[in-house]
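On a predicted model such as this, the values are computed, not experimentally measured, just so you know. Order of the sequence lines sets the chain letters (A, B, ...), proteins ahead of strands, with each chain counted from 1.
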Amino acid sequence: HGGSFLLRIEDTDQARYVEGAENYIIESLRWCGLEFDEGPEQGGPHGPYRQSERKDQYQAYAGQLISSGHAYYAFDTSDELDKARKDAESEGRSFSYDAGTRLSMKNSLSLSEDQTQQLLDSNASYVVRFKMPELSKLVEDEDMIRGKVSFNTTDLDDKVLFKKDGMPTYHLANVVDDHLMEITHVIRGEEWLPSMPLHVLLYRALGWSKPLFAHLPLILKPQGKGKLSKRDGDKMGFPVFPLEWIDPVSGEISPGYREEGYFPEAFVNMLAFLGWNPGTEQEIFSMDELIRAFSFDRVNKSGARFDPEKARWFNHQYLIGKSDEELAGLFEPELIEKGVKPPAIENLVRIVSLVKERVSFVSEMWDQSFFFFTAPDSYDPKVAKKRWKGEVPEFMSQLAVSFDSYGGGWDASELKAKVSDLIQEKEQNFGGVMNALRLVLVGGSFGPDLFTIVEILGQKEVVTRINKAIDVLGK
RNA sequence: GGUCCCUUCGUCUAACGGUUAGGACACAAGAUUUUCAUUCUUGAAAUAGGGGUUCGAUUCCCCUAGGGACUACCA
């Protein structure tokens, strides 16, 4: 839409302050490629960007709401509120601080003006509550995703707008800041839908025009009931956080998509398709394509179950879309970590091209290609039993001699022709020999084209491996 | 419990009154192949149930059921 993207930190709950959380949010957005134009670090015309630094404004607006009759002081202690809740519960009802109960509570509506003033003067702690209109009134608003959504004011309660610690609640801070910071679109999770009428009423009470609302569907657990939680990821082995997070207090580590080896493009693409689709059969979208294709009318209303398998698939798609050179660059550090000296870059590029189709993550390339870098230290016993028998060991030693004395061009097709001739000459079974040679070179029954492996390993190494296998597996 | 939102293959979803209900993931079978994968082909798989409205409902309305969210001086 060509607008500005502001990052605002909603840190009005001082009790829940977490060291490093703000930085984590910023780093996560950047990793995803979501660049914001204004925020706490770089500043901008709508600052400050932390609500804790905008504290002064909220009190003024709370005061304005009180003078205009849209809000009131409440002096109830938390003990008194607990008691009211308990009393209601014992009668089988649930307590709601609303038009029906507010006059029996301790607030500037039930108290006289003098009493209220006295409490205020004596520095009694108080909160400011929104005075929900008591007449049954329909609050309707247009949600960009859900269309018309309606609530009745008689079902709504008097929410706290301003806390006794001098900080606003989300409801007040969000409305005030969105107005002051000229926010045009409020796009948030569906869990906020029940708060929409309160927010609409607040905009009206303050005499402001409201932004557009869009309530997005939630991400649900892969199995079972409810929305996706960190526990589901731990249980099923997938991350729920974009970046690894280490809790500064408990030290608990939550894995991240970045650390698991997901490409940010794949992560964003996967997420974009949870609850939205372009209406075409295209599934792989770059950030630019996503920006161009996205529209609210193609966002679904119902929650979307997260599918870890599909997430893997997205990563696979991006992996095979990358150049062999780029992947080789990403794979090289893994080799060093495994204690392997990386081969010449052109060889590594070639190896990568052979295995990229087979994996979803760079980290999986090692399992598919280790035999290019290090001789197998064991032979799959099942394969050995099946393939290393009869005349095979004898033929293998002849093959070793033949490879050793080979003086022609060392490339896959020539070698294949040469070995085929030898097989025919000695009346061997082609498939049987191939499988045995594969066992010798890679240690099992897997891997890309065998003669390509032979070519890449080189004359000396191939001979060494054959002789080693004869030693280990016997003649 | 109350309020609000939602409901198409196992999962993500397409079809904005007329389609043999389409695609993708996962699954199964077959083909290819020197192995394992890849790839290709094929298959199985859905309109929650019941009422309306209509010539005609996946599509519009109502009820039921199921799911989800909220119900804090948290966001």
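Electrostatic pairing of A:Arg85 and A:Glu89 does not count as a salt bridge here, judged by no charged N lying under 4.0 Å from a carboxylate O.
To the nearest 0.5 angstrom, A:Asp141 atom CG is 9.0 Å from A:Leu212 atom CG.
Listed by chain and residue number, A:Val442, A:Leu450, A:Ile453 satisfy the side-chain contact (heavy atoms from CB on, under 4.5 Å) test with A:Arg438 (two or more places apart in sequence, or in another chain). Residues forming a salt bridge (Lys or Arg N to Asp or Glu O under 4.0 Å) with A:Glu425 (at least two apart in sequence, or on another chain): none. A:Glu394 meets the salt bridge (Lys or Arg N to Asp or Glu O under 4.0 Å) test with no other residue; sequence neighbours excluded. Not a single side chain to side chain donor-acceptor pair (under 3.5 Å) links A:Lys389 to another residue, sequence neighbours left out. With sequence neighbours excluded, the residues satisfying side-chain contact (heavy atoms from CB on, under 4.5 Å) with A:Glu53 are A:Pro48, A:Arg50. Annotation: side-chain contact (heavy atoms from CB on, under 4.5 Å) contacts of A:Lys301 (sequence neighbours excluded): A:Ile145, A:Arg146. With sequence neighbours excluded, the residues that form a side-chain contact (heavy atoms from CB on, under 4.5 Å) with A:Asp157 are A:Ser96, A:Asp98, A:Lys159. Remark: A:Arg16 pairs with A:Asp13 by the side chain to side chain donor-acceptor pair (under 3.5 Å) rule, at least two apart or across chains.
In this entry B:rU47 has no Watson-Crick or G-U wobble partner, no candidate having both defining distances under 3.5 Å. B:rC70 is paired with B:rG2 under the criterion used here, namely a Watson-Crick or G-U wobble arrangement in which both key atom distances are under 3.5 Å. Shown here, B:rC16 forms no base pair; nothing in the strands shown gives a Watson-Crick or G-U wobble contact with both key distances under 3.5 Å. Pair assignment for B:rG10 gives B:rC25, based on Watson-Crick or G-U wobble hydrogen-bonding distances that are each under 3.5 Å. B:rU33 is unpaired under the criterion used here, namely a Watson-Crick or G-U wobble arrangement in which both key atom distances are under 3.5 Å.
Map A:Ile320 and A:Val149 each onto its nearest nucleotide of RNA chain B; the residue landing nearer the 5' end is A:Val149.
Among the atoms of the strands shown, base atoms are found under 4.0 Å from some heavy atom of A:Leu450. When heavy atoms are screened at a 4.0 angstrom cut-off, A:Gly92 is found touching no nucleic acid atom at all.
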Which pairs would a plain distance check flag for residues 190-197 of chain A, meaning a side-chain donor or acceptor within less than 3.5 Å of a matching protein atom at least two apart in sequence or in another chain?
none

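Comparing the C1' positions of B:rC27 and B:rU59 gives a spacing of 30 Å, expressed to the nearest Å. Separation of the C1' atoms belonging to B:rG52 and B:rG43 is 38 Å when rounded to the nearest angstrom. When the P atom is used for both B:rC63 and B:rU7, the distance is 16 Å, rounded to whole Å.
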Which protein N or O atoms sit under 3.5 Å from an N or O of nucleotides 18-21 of chain B?
none

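Rounded to an integer number of Å, the gap from CD of A:Glu140 to P of B:rU3 is 17 Å. In this structure, the CG atom of A:Leu193 is 19 Å from the P atom of B:rG2, given to the nearest Å. Atom-to-atom, NZ of A:Lys225 to C1' of B:rU7 comes out at 15 Å; the value is rounded to the nearest Å. What separates CG of A:Leu218 from P of B:rA69 is a distance of 7 Å, to the nearest Å. Atom-to-atom, CZ of A:Phe151 to P of B:rA69 comes out at 16 Å; the value is rounded to the nearest Å. To the nearest angstrom, P of B:rU38 lies 12 Å from CD of A:Glu364. Taking atom CD of A:Glu281 as the reference point, atom P of B:rC25 lies 11 Å away to the nearest angstrom. The distance between atom CD1 of A:Ile453 and atom C1' of B:rA37, rounded to the nearest whole Å, is 12 Å.
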At under 4.0 Å between heavy atoms, which parts of nucleotides 70-75 of chain B does protein reach? Answer with one letter per nucleotide, 5' to 3': B base, S sugar-phosphate only, - none.
S--BBB
Each nucleotide of nucleotides 8-14 of chain B classed B (base within 4.0 Å of a protein heavy atom), S (only sugar-phosphate) or -, in 5' to 3' order, makes ---SSSS
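Ring pair A:Phe446/A:Phe371 is tilted by interplanar angle, where 30° to 60° counts as tilted.
Checked against B:rG68, B:rC4, B:rC6, the side chain of A:Arg146 finds its nearest nucleotide in B:rC6.
For the 3.5 Å distance criterion, the side chains of A:Ser229 and A:Asp232 qualify, holding a donor opposite an acceptor.
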